[in-house]
Student: 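The structure's right below; bear with me while I get my questions together.
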There are 2 protein chains.
Amino acid sequence: MRTERHSKHGAPVTMRDIAKEAGVSVATVSHVVNNKQGARIGEETRQRVHEAIDLLGYRTNALAKTLSVGSSRFIGLVADAIATTPFAGQIIHGAQDEAWKHGYVLLVANIDGNKAAENDAIAMMLEHQVRGILYSTWYHREIEVPESLHQTDTVLVDCFSTGSGLPAVVPDEEQGGKAATQELIDAGHQRIAFINTTTPSPALTGRLAGYRSALESSGLEFDASLVISAVPEQEGGYEVTSAIIASGASAVFCHNDRVAMGLYDGLRVRGLDVPKDIAVVGFDNQEVIAAHLRPPLTTVALPHYEIGAAGIRVLLGLEREQDNALYLINCPAIKRQSV
Amino acid sequence: MRTERHSKHGAPVTMRDIAKEAGVSVATVSHVVNNKQGARIGEETRQRVHEAIDLLGYRTNALAKTLSVGSSRFIGLVADAIATTPFAGQIIHGAQDEAWKHGYVLLVANIDGNKAAENDAIAMMLEHQVRGILYSTWYHREIEVPESLHQTDTVLVDCFSTGSGLPAVVPDEEQGGKAATQELIDAGHQRIAFINTTTPSPALTGRLAGYRSALESSGLEFDASLVISAVPEQEGGYEVTSAIIASGASAVFCHNDRVAMGLYDGLRVRGLDVPKDIAVVGFDNQEVIAAHLRPPLTTVALPHYEIGAAGIRVLLGLEREQDNALYLINCPAIKRQSV
DNA sequence: TTGAAAGCGCTAACAA
DNA sequence: TTGTTAGCGCTTTCAA
């Protein structure tokens, strides 16, 4: 039976209390609590200490411990748009799990493009003696690194900054683009259109490169007229429907799931069936959309969870070092029924 | 020009270093750093201290401060599904901003229905001497509170637990349901169907109550045959399309945006136009969907950001106390073009 | 096998 | 106006 003397408020019970209760020194308590190797504690003493702990409801003070031991178990994670999509959430989740696994705790800060908030957040993390910082964005892009980040170990997550020298963990856009296209090729399509984004980004160039690479590997000729640009949203996909049809393609690789969603609409309005008349694959694997469209959308996953987790590993020096400091994470195809 | 002696590694510069450099005592440094009221420091001394700080690149150690001052600036936030939807992210964002405003930092832990992880997370927070804990779920429901939460101040966020005595911040489902229905009534509709969820939940009963209440306020009769149940997903909305049409309704209030999305599909397949043939309103204001459907969906927002922020305020005792410990947050209508 | 004591970086009386 | 001192809760030599 526990007493939990410290309950909600009132002075928390400390090691000293335990020592007194058990009739030993704090050093001894510390030793049994941490199961120290060096010091051998008598079985009987150990018992008494544990009993006192149970009785009084002791819980170690992580902050005091950190101060004493000199290094904290915090890792900071600054995210740029936690509330917009589930993507940032997945990064956090992955980082969280991996950090946890190694005994670290995440200090999360959201900053919506607000430079002042960003600096405050980083300062806060530094003041908390974080082991390092993960700087993440919710979509893959090049960024300019805040000066203060150089005061600790930092790894860029889902973003990069050439010349900063900071390690970066990003999705392998080219491999992803290739995987998407390959799905279509494997289903026998020869004339495959690609709706690319209009926004300059690693996704724009990377996925295009992947598309071409897949075509090439299969001996299919690249036809520039088959790549059509569209705003990377539902509206964009809807608007290029006619162009897609006019292109004579039997399949289309969409820059993302939202574009695919718009295209579905456009196709449906014209009485066309997916995948019978036209096969489509998306990119992102955005659950609400991809899994619930009719028919469910075959797509390529942006592995945000993995990216977050890998970020932690890189920070902790657990990942095999890449000489270019660029860690590419695989984007796997998710097969559903649109091909 | 700064030297940043502590740079990435190597012993960080402490108050003692500053004191030595400025030729004063640490107490003095502490006073100028914290801008203490009581102690008046000579302008010249203050200068010297600031210069030393700039020169050496000093940054306060928040952990040591906490230990000394006795109370930490941490607030724990345990979330149950941070990666699934943007909802959890919005809660975190709101909590984050509000906590920040009051000088607190968020310790975030994600636990996917994993009871063990949950206990670990709470223990971790307690060990870090959190000021309190926000326990949140990503959709409004009744939960069973983990025992350990009673060891600190906690507030339930987007969930509740009758009998636990814990304050809870939740969306006002009834008011939201009423707002949604009212949109339709205001547009002149008299025969309004309601696609409700099949999942027992505060949303099921609350939104229905709101629907009836709106009808009643406008002198419209409630017709049980107009409320149709469906799985709260795209598929559910699609499947009840025929039933909706058969009901003769000129407008429909969908349990959520996903259902509305499915209904849109069903309607389109049948050649029906929204809103000309049938007006529809959703619920949730799930950005990817609601804002990008054609036509954009009028809906009611689930104010997750506000809920997170209010949670912090309740925890810190900044919100006017509710006698039932239930804090209802308003769900505003978001007008777009489906009505 | 156990304990005493110093120290982590900072704050807060209280003196000077 | 500034410095001295005693902690905060814990770890860690070093002695006993």
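As a basis for the values below, the full set of heavy atoms in this structure was taken, side chains included, without hydrogen atoms, waters or symmetry mates. To find a chain, count down the sequence lines: A is the first, B the second, and so on, and within it residues start at 1. Quantities reported herein were computed from a predicted structural model and do not represent experimental measurements.
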Student: Using whole Å, report how far CE of A:M15 lies from P of D:dC8.
Tutor: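 Going from A:M15 (CE) to D:dC8 (P), I get 15 Å.
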Student: Tell me, with the steps shown, if B:E98 and B:K101 meet salt bridge (Lys or Arg N to Asp or Glu O under 4.0 Å).
Tutor: CA-CA 5 Å; B:E98 189 72 21; B:K101 197 180 298 177; 3.4 Å; yes
Student: Between P on D:dT12 and CG on A:N34, what's the gap in Å once rounded to a whole number?
Tutor: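 So the CG-P distance, A:N34 to D:dT12, works out to 8 Å.
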Student: In terms of side-chain heavy atoms of A:K36, which of D:dT12, D:dT2, D:dC10 is nearest?
Tutor: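 Out of D:dT12, D:dT2, D:dC10, the nucleotide with an atom closest to A:K36's side chain is D:dT12.
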Student: I need the CG-P distance between A:N35 and D:dC10, as an integer number of Å.
Tutor: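 Value for this atom pair: 17 Å.
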Student: Does the B:D80 side chain pair with the main chain of B:G113, one donor and one acceptor, at a distance under 3.5 Å?
Tutor: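 Not a single qualifying donor-acceptor pair exists.
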Student: Could you tell me which residues satisfy side chain to side chain contact (heavy atoms under 4.5 Å, CB included) with A:T28, sequence neighbours excluded, listed by chain and number?
Tutor: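 By the side chain to side chain contact (heavy atoms under 4.5 Å, CB included) rule, A:T28 matches A:V24, A:S25, A:V32, A:I41, A:T45.
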Student: Mark yes or no for whether A:N114, through its side chain, and A:I111, through its backbone, hold a donor-acceptor pair below 3.5 Å.
Tutor: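 Answer holds: no.
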Student: Out of A:T154, A:V145, A:I143, which residue meets the side chain to side chain contact (heavy atoms under 4.5 Å, CB included) rule with A:S164?
Tutor: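 With A:S164 as partner, side chain to side chain contact (heavy atoms under 4.5 Å, CB included) holds for just one option, A:V145.
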Student: Determine: side-chain N/O of B:R46 to OP1/OP2 of D:dT2, distance under 4.0 Å, yes or no.
Tutor: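 Indeed not, no polar side-chain atom of B:R46 lies that close.
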Student: So does B:Y139 have more than 12 non-hydrogen atoms from other groups sitting under 6.0 Å from OH?
Tutor: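 Open.
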Student: Going by number, which of residues 68-76 of chain B have a non-hydrogen atom under 4.0 Å from DNA chain C?
Tutor: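 When residues 68-76 of chain B is checked for heavy atoms under 4.0 Å from DNA chain C, the hits, listed by number, are B:S68, B:V69.
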Student: Report the distance from atom CG of B:N61 to atom P of D:dC10, rounded to the nearest whole Å.
Tutor: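 Taking atom P of D:dC10 as the reference, CG of B:N61 is at 17 Å.
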Student: Quick one: list whatever passes side chain to side chain contact (heavy atoms under 4.5 Å, CB included) with A:V26, sequence neighbours left out.
Tutor: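 Partners of A:V26 under the side chain to side chain contact (heavy atoms under 4.5 Å, CB included) test: A:M15, A:R16, A:A19.
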Student: Find the distance B:L63:CG to D:dT11:P and express it as a whole number of Å.
Tutor: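 Value for this atom pair: 14 Å.
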Student: Please set out all donor-acceptor pairs under 3.5 angstrom arising from side-chain atoms of residues 317-327 of chain A, sequence neighbours excluded.
Tutor:
from   : atom 1 : to     : atom 2 : distance (Å)
A:E319 : OE1    : A:R313 : NH1    : 2.7
A:Y327 : OH     : A:Q322 : N      : 3.4

Student: Is A:T66 touching bases, backbone alone, or none of the nucleic acid, heavy atoms closer than 4.0 Å?
Tutor: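 No contact.
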Student: Looking for any heavy atom pair under 4.0 Å, which part of the strands does B:V29 touch: base, sugar-phosphate only, or nothing?
Tutor: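 It contacts nothing in the nucleic acid.
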Student: For residues 116-124 of chain A, which side-chain donor-acceptor pairs fall under 3.5 Å, sequence neighbours excluded?
Tutor:
from   : atom 1 : to     : atom 2 : distance (Å)
A:E118 : OE1    : A:Y135 : OH     : 2.7
A:E118 : OE2    : A:K115 : NZ     : 2.8
A:N119 : ND2    : A:K115 : O      : 3.4

Student: Reading DNA chain C 5' to 3', which nucleotide is the first, and which the last, to come under 4.0 Å of any heavy atom in chain B?
Tutor: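 So the contact region on DNA chain C extends C:dC8 to C:dA12.
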Student: Using the test side chain to side chain contact (heavy atoms under 4.5 Å, CB included), find all partners of B:T85 that sit at least two apart in sequence or belong to another chain.
Tutor: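 B:T85 satisfies side chain to side chain contact (heavy atoms under 4.5 Å, CB included) with B:F87, B:W138 once adjacent residues are dropped.
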Student: For A:Y104, what residues pass the ring pair (Phe, Tyr, Trp, His ring centres under 6.0 Å) criterion, not counting sequence neighbours?
Tutor: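 Ring pair (Phe, Tyr, Trp, His ring centres under 6.0 Å) list for A:Y104, sorted by chain: empty.
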Student: Excluding sequence neighbours, so at least two apart, what forms ring pair (Phe, Tyr, Trp, His ring centres under 6.0 Å) with A:H128?
Tutor: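 Only B:F74 meet the ring pair (Phe, Tyr, Trp, His ring centres under 6.0 Å) criterion with A:H128.
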Student: How close or far is atom C1' of D:dC8 from atom CG of A:D17, stated in whole angstroms?
Tutor: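 It works out to 13 Å between those atoms.
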Student: Please write out each protein N/O paired with an N/O of nucleotides 13-16 of chain D under 3.5 Å, distance rounded to 0.1 Å.
Tutor:
none

Student: To the nearest 10°, give me the bend of the helix from C:dT1-D:dA16 to C:dA16-D:dT1, comparing the axes of its five terminal pairs at either end.
Tutor: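 Answer for the end axes of this duplex: 40°.
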Student: In whole angstroms, how far is the C1' atom of D:dG7 from the CG atom of A:L67?
Tutor: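 About 12 Å, once rounded to whole Å.
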Student: Have a look at B:R48 and tell me which of B:H50, B:E44, B:E51 forms a side-chain hydrogen bond (donor to acceptor under 3.5 Å, both in side chains) with it.
Tutor: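 Of B:H50, B:E44, B:E51, side-chain hydrogen bond (donor to acceptor under 3.5 Å, both in side chains) with B:R48 is met by B:E44 alone.
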Student: Mapping A:V26 and B:T28 to their closest nucleotides on DNA chain D, which lands nearer the 5' end?
Tutor: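 Per heavy-atom nearest nucleotide, the more 5' residue is B:T28.
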Student: Return the set of residues passing salt bridge (Lys or Arg N to Asp or Glu O under 4.0 Å) with A:R73 (not counting sequence neighbours), or none when no residue passes.
Tutor: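 Checked A:R73 against salt bridge (Lys or Arg N to Asp or Glu O under 4.0 Å); zero matches.
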